[in-house]
Every structure is written in C-alpha cells, then in structure tokens.
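Notes follow once the structure below has been shown.
Below, chains carry the letters A, B, ... as their sequence lines are ordered, and counting in each starts from 1.
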Amino acid sequence: MPRYQPSRIEPKWQEWWEARGTFATPRLPAGRKAYILDMFPYPSGDGLHVGHPAGYTATDIVARFERMRGTTVMHPMGFDAFGLPAEEHAIRTGTPPRQSTERNIATFTRQLKMLGFSYDWERVLATTDPDYVRWTQWIFLVLFDTWFDPVLQQGRPIAELPIPPDVEAAGQAAVAAFRDGHRLAYQSEAPVNWCPALGTVLANEEVVGGVSERGGHPVVRIPLRQWMLRITAYADRLERELDGLDWPASIKKLQSDWIGRSTGAEVDFPIGAQEGADSAFARWKAARATTGFPETPGHEVLRIYTTRPDTLYGVTYMVVSPEHPLLDALTVPGQREAVAAYRAAAARKSDLDRTDLAREKTGVFTGTHVVHPLTGTAIPVWVADYVLASYGTGAIMAVPAHDDRDFEFAGTFGLEVTTVVEPDERPAKPGELFTGEGRAVNSGGYTGLATREFISRVADDLENVGLGRPAVNYKLRDWLFSRQRFWGEPFPILHELGADGEPTGILRAVDPAELPVALPELTDFKPGDTPDPPLSRSPAEWLFVERDGRRYRRETNTMPQWAGSCWYYLRFLDPRNTDRFIGPEIERAWMPVDLYIGGAEHAVLHLLYSRFWHKVLYDRGHVSHPEPFGRLVNQGMILGEMEFTGYRSPKGGWVSAEKRGGDDVPAKVPADQVEKQGEHFVLRDAPQVRVESRAYKMSKSRGNVVNPDQVVRDFGADALRLYEMFMGPLEATKPWSTSGVSGVRGFLDRCWRLVVDERADDLVLAPQVCDESPTEDQLRELHRTVDKVTRDIESLSFNTAIARMMEFVNFCTPLERRPRAILEPFVTILAPFAPHLAEELWAMLGRPAPVSLAAWPQVDGRWLRDDTVEVPVQVQGKLRGRVTVPADADAETMRSAAAADPKIAELLAGREIVKVVAVPGRLVNFVVKG
RNA sequence: GCCGGAGUGGCGGAAUGGCAGACGCGGCGGACUCAAAAUCCGUUGCCCGCAAGGGCGUGUGGGUUCAAGUCCCACCUCCGGCACCA
C-alpha cells in the first residue's frame, strides 16, 4: 500500500539535499542575485513556534523559486542567541547560559531542518559565537572611533574632529574629554530600574506599575553610568532615506513617527528678575543683542523649546521637569521641602507610571519667576512631571490657552489663561482652549499675523537679538546601549586606573587584534546587592589588565540583545572571514538584502538600529550601500484555534455574553454546541444565550499553543508549510485551524495519487500516467496554472497560488490519461511549496533529482488566450443572461449578440433603450427607460 | 486620545470599478463496500417557490457611476501599535 507517507520521504530528501550540498551558495553570485533573508529567531527554550514557519516558508518558496529561475540565491539562517531568558535560567539552575543556549540552538536547528528549508547551513551563525562577538565588538569600536560631522551630515574618524583652541590649550586630558564627548559611543548617567529585592536592573517592560513583573518587588529609578549610542545624530538621514525603500508605507510611517522630527524655536527666559529690576533685564537684553544666542545656556537663563513660538505672548507660567539641572537653583528656601518631596516622588515613578497612571497633572511652584524676553513681565516657574527631562531642553513655556496639557495644568492650579490665537472663522472666547492654527491676537507687533507666518518671523527676530533661535527636536533619543547583565557582548573598553585603584576617567579601546573580549567563566550568576553588572564580580585576572605599564579595569556592562542583530545580515555573506567582518568584494556583490521578512514587532527598533549601524559603516567606508534592506515584508501573527466562550453565573446557570457581570465566569464551549443566529453565536440548546467567538494569541497560559513537531508528526512538513501559506495573505493575522491543515494534507494526498498507484502493492506509477501528447485543454490548464503561480509567488500571494494548483489537481484527477508533459511541469512548480513531495514525485516520474534545481517552466502565451468568451448581459445593471462571443468581438458585435439572446430580447421588448455599455471581453449592459 | 489595519457564506478566505463568494474546511446527497474508513462524483450564500423563476445579499447610513466588496463622505465594531515629545 504505497500511500503518501511524509514521515518516510521527508527525512530522506532532507538528507539527500544535505549530503549533496544542494543549497550551498557560492562565494559570489553568478549573474542575477537574490539575497532572501528571514529575521533570525531567538532560540527560546520552548522551541519553534508555528509563527516562525510562516515567514520562513514564505522566504523559502521565493528562494527556491528564484533558484529554479537561474538566480544565484543567498538564503541563510542563524540565531539571535544572547538574551535574558538564558541568564534567568542560569540564575535559577546554575546552568551556564552558553550551555542552555547551545541546547536550544540544537533544538531549533533540528526543527528548522525538519521543515525542509533550503538554507545554506554552512553559513549558520549565532550572535554568541566568539568569532561573531569579535566583529560585533569591532563594530562597536568603529562607533567609538566615529564622530558625526553636522555640516557634512556624515560620520567621520574621531582623529578628524576639529579641536577648539581653548580645549587644545587646556591640555591632553581636555582634548581626550572633548573627543569622548563627541563619539557616537559615549558614556552618560542614565536612570535604570533597579530592583533591590531581585538584585538586578530591569528592562522597562519588566516593570509594571512601579513593581517588578516577577515577584512584585518595588523598583526604584537610580542614575547609573551607561553607554549611549548617538543615533539622534543620524535622525535626519534615518528619516529621509526611508524614501527610497520598498517597505510597507505603514512601517515607514511608524519609523518616521518614532523619529518624531519637530521644528520650532528655543527661547531663553532670564531667571530671577524682581520687581523694579527692569534695568538688569534691559542690560541682559542689550548684552544678548551683541553676543547673540549662546550655544549652551548659562545658569542665568531658563532655556525652553517650543513648536509654537507664535504663542509667546500667551505664556502665563513656566515648567521645568523634576530632573532639570537648574531646579535647585530655581527653588526658593520656602519651597525647598515641597519641591524635594515632589522630585523624590517623581523619581519613584517609572516612565510608565508617569504616563499611564498619573493622568491628572501634578506640580509644585518653585517660588521663582523668570522674565518674559519680549514683554518683560515676570512669569512663575513650576516643576511638574508632565514635562520630560529627556526631550527638548527639559523645560517649557506654558501657554494654557493653546495647549491642552498646559490648559489642564492651569485648570488644576488656578493659573491664568491668556488667549493669543484666534480661529480664522470666528472670534476667540476668553479662557477657552484652542490648539489649532489661526491668527495672532494680543501679541504686540505680531498681532494679526497668521500662525505660520508668525512662527517663521518670530524665530528669525529672536535670533537677530540673541534671545532665541529656530530649533529642531526629535522624539528619538540616544540609544541606551549598556545592560547590567551577564549574557551579552562585553564592551571592548578599558578604564584606566589611578594609583589609588580608582578610575581616572580615561578610556582605552581594546586593540582590535585582541578581540574578542570573551565573557569570563562565572560559576555564580546570582544577583548582588548593588546595581553593578554581574561582570564586576568576575575573577581579577579577567577584570584587571595591564597595557603599556598602566593598570586598567575592564568595562563590566554588556551590550543589549539588539547589538548582534544589527549586522548579522552582513556576516552571513562571509561567515568564516578571520581578517575582516566581511570581505568588500563579497559585500558589494550581495548587498543589499533583496527580500527581508519578519514579524511586525521589529518594525521600529531592530530595523532602525540596523539601519543606523549600517549608515555608520557606510560613512566609514566599510559597506557600499547606505541602506541594508531593500524590500521588507511583515508576516502576520498566527493566533490559536477559534474558541467559543460562554459565561456561567456563580449559581451555575448560563449568562448571555452581552449581559455578563463581573462575577460570571467564562467557560469554553465546544464548537458543536454552538450555532450562529443573526450577528451572534448562541448555545444550540439554549439559543437565548449568546457566546463569544474569538481566536486568541497563542500562549502557554491559555493552552492554545500549536507545536510544529506535533503537526509534522500528524500531517508532515510539506502539509505544515503549505497550510501556513494557504491560511490567508502572508501579512494578515489569522487563526490556526487543525481541520485546515488536514485539508491541505488532502491536497498533497491527491497530488501523490495523480502520479502514484496507491492501490498497487509496490511503489509504481499510476496507470493513468502516459507519454501521450497533452490535449489543448490540458495545455491550457497547465499554462494558466504556471502563469498564475509564477505571478503569485512574485507578489507573495501564496494562498492564491496554492488554490490554483488545487484547481489543476482537481482538473487532472478525473483524467483517464495523464500525460507526463503536464504532470512534470506541475511537479516542478509544486516544488517550492512542498519540496519533499515534489522530489519524490519527480523521482517517480523518472526524472533526475533534484527537482529543487530544475528549470522553472516557461509559460506559452498562446494558451492564456481564449477564442471565445462568455460575457454577462445586464439590464439596468442586473445580471439577466450570458452570451458567448469571439474574444476579440467589438462593442457593436457584443451588443447585437446580447440583444439577439431570446431572454434579453424579451426583457427589452417595448422599452426604450437609453444607452448600451459594451466593454469588449467583459460585459454588456442595457440601460432602459420604463 | 492619536496612528495603522480589518469587517464578505457556518469557518479560513478569493475577486485590474464589470458574472460576489475562486480554493479549502464543514454540511448534505450519491457511487464503491456485507458494513465502516479511505477514495471518487455531485451539491452547498440567504429567503419565497413543486418547478420555471423571482427577490435579497460584502459592518451601518448617505453619495458618485450604465455598473460599487472595490471610489468619496459620515458613522459603528474588532484587532494591533503609540501614548503628557511642548
């Protein structure tokens, strides 16, 4: 009984391909190239999820298709293997992260191979490989060695950074500090979420409502020395250069919004002018008129950023963020206690709390006033956490009449509201909130100006008198690049130690020849009592080194998981190069990536970070193209199987879903006990009870996770691949359905029976398979199938490609004679989708393996054209009949053919024909009167 | 609140402004079988009708058009993301 048995043929062909290196990619492409890339997975302990093969199958189909068309294809796979779970596992069990990571990679590799993906496994890499870490660290050193030239808008070697004379004069240490302050990789104090109970620093997403997600322990934000990457320097280029990319518009917009460019003005408000101190203010203004607007503000002014300098005359108070450096200086003795308490409370709040929970505005008056630079009036300064320290200058001018946050704050604290903008279409109402554009009122010499004109004019005016200047800001922040973790790349940086054993502040890059800086062997991964990174507990022989007679302590922070994924697409091209991170000739030949498929969860960060690194490498001449990824596609999420949920009251009876209360408990209802009634699903036995129907995200806690191993065992890898592609459009979110899998498995069974005689005792061809010439009908069917499948692969519409192949099989199944000349091309186009079955059928048909490298069939256009077409005939736009006409019939021919149809003639009899629409090859429509 | 995306049979979905529901699941009927499974064939949007046939149908309400699932306006629901960025 030679039935289709995936468990027999799939491993066989996987071994065959591997043994012969079927999918090995040459060093350089010959002719047309295609770099087809998946977002590589994090090898979690749970193994492959059914979401992974969705994207991986899509790229695999395209890769196999391109290969069959003669393209040289690069299709690699690897592992993003640093990351928190391995470290937490280590803390719990004492297993070194490298060990558990290797075990997980082995599982992922087995599962990926089981699905028959045509990766060149010779190129596999993990971001944790010492050889890979070496080059990640090397790229960090490139960043460390680069400053951004704002004039050329380009990253340049730090040695080329112009040193101002006064810095030069201050000596070598000053020059070094100046350089360190301009590098793309620099150090700064940044707040971290330190959880004393867990003894570890937490990522933002691990902190929920001010306590740790695990354990619910309190978390405090404390400043810690951190490594930052100056991604903001590249903000403009990262935004502008999105333009030329073949990415979904929605992803481009997401990135652009994330970068969040805004334009406006910076304005200085002098601090501390008392009543009657007009002369001091006048002197300050006069001085500014000659010195101009200083690059950095002194302590005598409060500098603010605003996008609406046209509302300058409506300022009624100022706000500084709780972390503002001038806050202490601004606070008068009487307010000191209140301000200190407020600041302490703000420090306890995480970013999430400051936004999510505390919507109502809070703040404290500092007791100080600043002077309005144009009107000279005194303006009170408040501290409030609705102003963020990390954006703009960390201080704002508040215009309650024209900003909803300021309006709300002013309402809470009874502050003045001064209207200075009037809507175009009506007069302003005093005390109302109006955030739109209009014309200026009550604004000195600017009164009457339109918002836009006001903005550009006032920014220039302010600049001319040294009180302000036009400014650009980004929501994008510099990238906090260090983690207080063990399982990451160590920084290749040494901190010089003084005679006292304390750091001198002088940094030294590790010599590239010494890379990689390997992680030390730790036996104890347990957290400590301080927020120092685990590496600070390394053995002294790792931690302390001597170079050129000086003592150094190694940097003990590690890089975030993003680091490795920032450049893996480059290393795949030249994975064993020991001299360079990638050979230039190879890079030029293969880059950029032609198709990049992965989950939308990486739409912003991963793609932005890699683009940033790539641009730095480009500026420094290490890569040849400014953008890494040409065409990008996000595959949709796969949800669990559809579930019906009913609700039971505490007394036990059913409660209709729309009437449920808090006490009612959800209960799963089997699908066969439910039926649809109108808009809703109801219980079959109690139709007055509505139930909810929904598919949920797969999760362990919900217990709806589908395991790919199990699916392969039950249906085969080809069925899993095919099903994931048949479910719906690649980019859509769609629910899993086990009966759907069995449906495509049925299709594969039918493919098998098209070629193989299932009733014979031995594996032999079906008796219908013959060497006869195909009929015209058969050729037409074949060529139309090939044509549709070809176009659908190009547009990644795999679901409709499969549907078309199903139609072909449905067409062939009843044939008593099945010519090889149509079966063989069909098996060829099936190969990218169901490669194992295709290889087996190809061999059955006596063709030399592998079909995976067989030539893609050519479509003969003459089989795509029809001699005659059946077109619909409408009367008043309603379908009333059909007529068959020659395919090339003109409108008049079609009209008369339609009018001659007895049924149509009857409908038209006695009515006046107002108009006839006849679209050649499409339809005829009679528009009649009466 | 803001920004995306999506609403089409019992279900997943298909449809360059031109025959709505391809293909698959599920259902129903039949053939094969002692029977069942498997397989093959047919049928399957809803309503009225014995039938011929007719009516209604792509979230809701309007509009454009000879013709709208598709274009425009307003709204509703669901999903995803962002969220005090001055």
Side-chain angles (χ1 to χ4, degrees), chain A residues 3 248-251 253-254 257-258 260-262 264 304-308 311 319 351-352 354-356 358-359 361 384-388 390-399 402-406 408-409 473-477 600-601 603-604 636-637 639 642 671-672 674-676 679 681 693-695 697 723 726-729 731-744 746-747 749-750 753 758-759 797 799-807 810 813-814 870-882 914-919 921-928:
Chain A
R3 302 177 48 145
S250 57
I251 301 294
K253 189 168 183 310
L254 225 53
D257 288 351
W258 187 266
R261 184 178 201 269
S262 82
I304 60 92
Y305 170 74
T306 176
T307 55
R308 289 293 298 272
T311 58
V319 183
D351 282 345
L352 271 170
R354 274 173 75 160
T355 56
D356 240 16
R359 281 242 79 123
K361 300 273 182 290
D385 66 4
Y386 82 91
V387 171
L388 308 176
S390 49
Y391 184 77
T393 60
I396 61 152
M397 63 176 208
V399 186
H402 306 293
D403 179 284
D404 29 34
R405 296 150 300 187
D406 298 345
E408 194 192 324
F409 189 86
N473 262 296
Y474 301 93
K475 278 199 222 176
L476 181 69
R477 309 295 154 84
E601 65 274 22
V604 177
M637 205 191 332
L639 304 175
M642 166 91 94
D672 59 1
V674 153
E675 65 186 8
K676 188 140 190 189
E679 294 282 277
F681 282 91
S693 73
R694 223 196 112 168
K697 200 166 154 171
Y723 172 65
F726 187 63
M727 293 170 86
E731 287 155 277
T733 302
K734 39 209 181 272
W736 185 266
S737 151
T738 299
S739 60
V741 191
S742 94
V744 292
F747 164 67
D749 281 315
R750 286 158 69 85
R753 285 192 297 269
E758 202 178 59
R759 273 173 293 195
S797 308
N799 54 333
T800 48
I802 293 165
R804 191 65 187 86
M805 291 192 284
M806 287 173 168
E807 288 186 73
N810 292 344
T813 298
E870 193 190 54
V871 297
V873 180
Q874 300 180 338
V875 175
Q876 299 293 60
K878 289 197 177 187
L879 180 70
R880 293 301 175 187
R882 294 188 175 84
V914 179
K915 187 176 176 182
V916 181
V917 182
V919 184
R922 309 263 14 160
L923 61 39
V924 182
N925 186 11
F926 292 96
V927 186
V928 297

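A/G392 comes within 4.0 angstrom of nothing in the nucleic acid, heavy atoms only. Note on A/K676: only backbone sugar-phosphate atoms sit closer than 4.0 angstrom, heavy atoms only; bases stay farther off. The residue A/R750 sits close only to the backbone: its heavy atoms come under 4.0 Å of sugar-phosphate atoms, none of a base. Within the nucleic acid shown, A/S390 has no heavy atom closer than 4.0 Å to any nucleic acid atom. Across all strands shown, A/N799 has heavy atoms under 4.0 Å from sugar-phosphate atoms exclusively, and none from any base. At the heavy-atom level, A/D403 lies nowhere under 4.0 Å from the strands shown. No contact: A/R804 has no heavy atom under 4.0 Å from any strand. Using a 4.0 Å heavy-atom cutoff across all strands shown, A/N810 reaches sugar-phosphate atoms only and no base atom. Across all strands shown, A/F726 has heavy atoms under 4.0 Å from base atoms, whether or not it also approaches the sugar-phosphate. No contact: A/E675 has no heavy atom under 4.0 Å from any strand.
Taking atom C1' on both nucleotides, B/C76 is separated from B/A37 by 49 Å, rounded to a whole Å. As rounded to the nearest Å, B/U70 and B/G18 have C1' atoms that lie 11 Å from one another. Distance noted for atom C1' between B/G61 and B/U77: 15 Å (whole Å). The same atom, P, is picked in B/A68 and in B/G63; the two are 12 Å apart, to the nearest Å. Atom name P, nucleotides B/G45 and B/A22: the rounded distance is 8 Å, in whole Å. A gap of 23 Å separates the P atoms of B/C73 and B/C78, to the nearest Å. Comparing the C1' positions of B/G21 and B/G57 gives a spacing of 11 Å, expressed to the nearest Å. Taking atom P in both B/C47 and B/C41, one finds a spacing of 28 Å when rounded to whole Å.
Between the side chain of A/K734 and the backbone N or O of A/P729 there is at least one donor-acceptor pair closer than 3.5 Å. Under a 3.5 Å cut-off, the side chain of A/K878 and the backbone N or O of A/Q876 do not form any donor-acceptor pair. Panel note: side chain A/N925, backbone A/G877; a donor-acceptor pair is recorded below 3.5 Å.
Annotation: side chain of A/R753 is not in contact with side chain of A/T813 (no heavy-atom distance under 4.5 Å). Side-chain contact between A/I396 and A/Y391 is absent, with no heavy-atom pair separated by less than 4.5 Å. Residues A/S737 and A/M642 have side chains not in contact (no heavy-atom distance under 4.5 Å, counting atoms from C-beta outward).
Minimum heavy-atom separation, A/S262 to A/T307: OG-CG2, 3.8 Å. Here the shortest heavy-atom pairing between A/D406 and A/A398 reads OD2-CA, 3.3 Å.
Residue A/M806 has its side chain nearest to B/C23 when only B/C41, B/C23, B/C66 are considered. Looking at the side chain of A/L923, the nearest of the listed nucleotides B/C23, B/G18, B/A38 is B/G18. Each of B/A15, B/C3, B/G10 was ranked by its minimum atom distance to the side chain of A/D257; first place goes to B/C3. When the nucleotides B/C82, B/G18, B/C84 are ranked by their closest atom to the side chain of A/D385, B/C84 comes out on top. Distance from the side chain of A/W258 is smallest for B/C82 among the nucleotides B/A86, B/C82, B/C66. Between B/G24, B/A86, B/A14, one nucleotide has an atom nearer to the side chain of A/I396 than all others, and that is B/A86. Of the candidates B/C56, B/C84, B/G13, B/C84 carries the atom nearest the A/K361 side chain, counting heavy atoms from C-beta on. Candidate nucleotides B/G18, B/C25, B/A15 were compared by shortest atom distance to the side chain of A/Q874, and B/G18 ranks first. Between B/C11, B/A14, B/C19, one nucleotide has an atom nearer to the side chain of A/P729 than all others, and that is B/A14. Nearest nucleotide to the side chain of A/E807, out of B/G18, B/C23, B/A15: B/C23.
Of all nucleotides present, none satisfies the Watson-Crick or G-U wobble test against B/G21 with each distance under 3.5 Å. Base pairing analysis places B/U33 opposite nothing; no Watson-Crick or G-U wobble pair with both distances below 3.5 Å involves it. The partner of B/G57, taking Watson-Crick or G-U wobble pairs whose two distances both stay under 3.5 Å, does not exist in any strand shown. Here B/C28 sits opposite B/G42 as a Watson-Crick or G-U wobble pair (both hydrogen-bonding atom distances under 3.5 Å). Pair assignment for B/G1: B/C82, on the basis of Watson-Crick or G-U wobble contacts that are both within less than 3.5 Å. Across all strands shown, B/A14 forms no Watson-Crick or G-U wobble pair with both distances under 3.5 Å. Pairing for B/A51 is absent, with no Watson-Crick or G-U wobble pair whose two atom distances lie under 3.5 Å. Nucleotide B/A6 forms a pair with B/U77, judged by Watson-Crick or G-U wobble geometry with both contacts under 3.5 Å.
Phosphate proximity of B/U16 to A/R922: absent, as no side-chain N or O sits under 4.0 Å from OP1 or OP2. Note on A/Y391: a side-chain N or O is less than 4.0 Å away from OP1 or OP2 of B/A86. Contact check, A/T813 against B/C40: no side-chain N or O comes under 4.0 Å of OP1 or OP2. Contact check, A/K253 against B/G5: no side-chain N or O comes under 4.0 Å of OP1 or OP2.
Across the interface with RNA chain B, nearest-nucleotide mapping of A/S737 and A/T393 shows A/S737 to be the residue nearer the 5′ end. Heavy-atom nearest nucleotides on RNA chain B were determined for A/K734 and for A/R753, and the one closer to the 5' end corresponds to A/K734.
Between A/W736 and A/Y723, the angle of the ring planes goes over 60°, which puts this pair in the perpendicular group of the 30/60° scheme.
Between A/L879 atom CG and B/A68 atom C1' there is a gap of 16 Å when expressed in whole angstrom units. Atom P of nucleotide B/C79 and atom NZ of A/K697 are separated by 13 Å, given to the nearest angstrom. Atom P of nucleotide B/A86 and atom CZ of A/F409 are separated by 19 Å, given to the nearest angstrom. In this structure, CZ of A/F926 is placed 17 Å from P of B/C19, rounded to the nearest angstrom. We find that CE of A/M727 is positioned 12 Å from P of B/A14, with the value rounded to whole Å. A straight line from NZ of A/K475 to C1' of B/C82 spans 8 Å, rounded to a whole angstrom.
Base orientation for B/G42: anti, the chi torsion being more than 90° from 0.
Applying the side-chain contact (heavy atoms from CB on, under 4.5 Å) test between A/V928 and each of A/V875, A/V916, A/V914 identifies A/V875 as the sole match.
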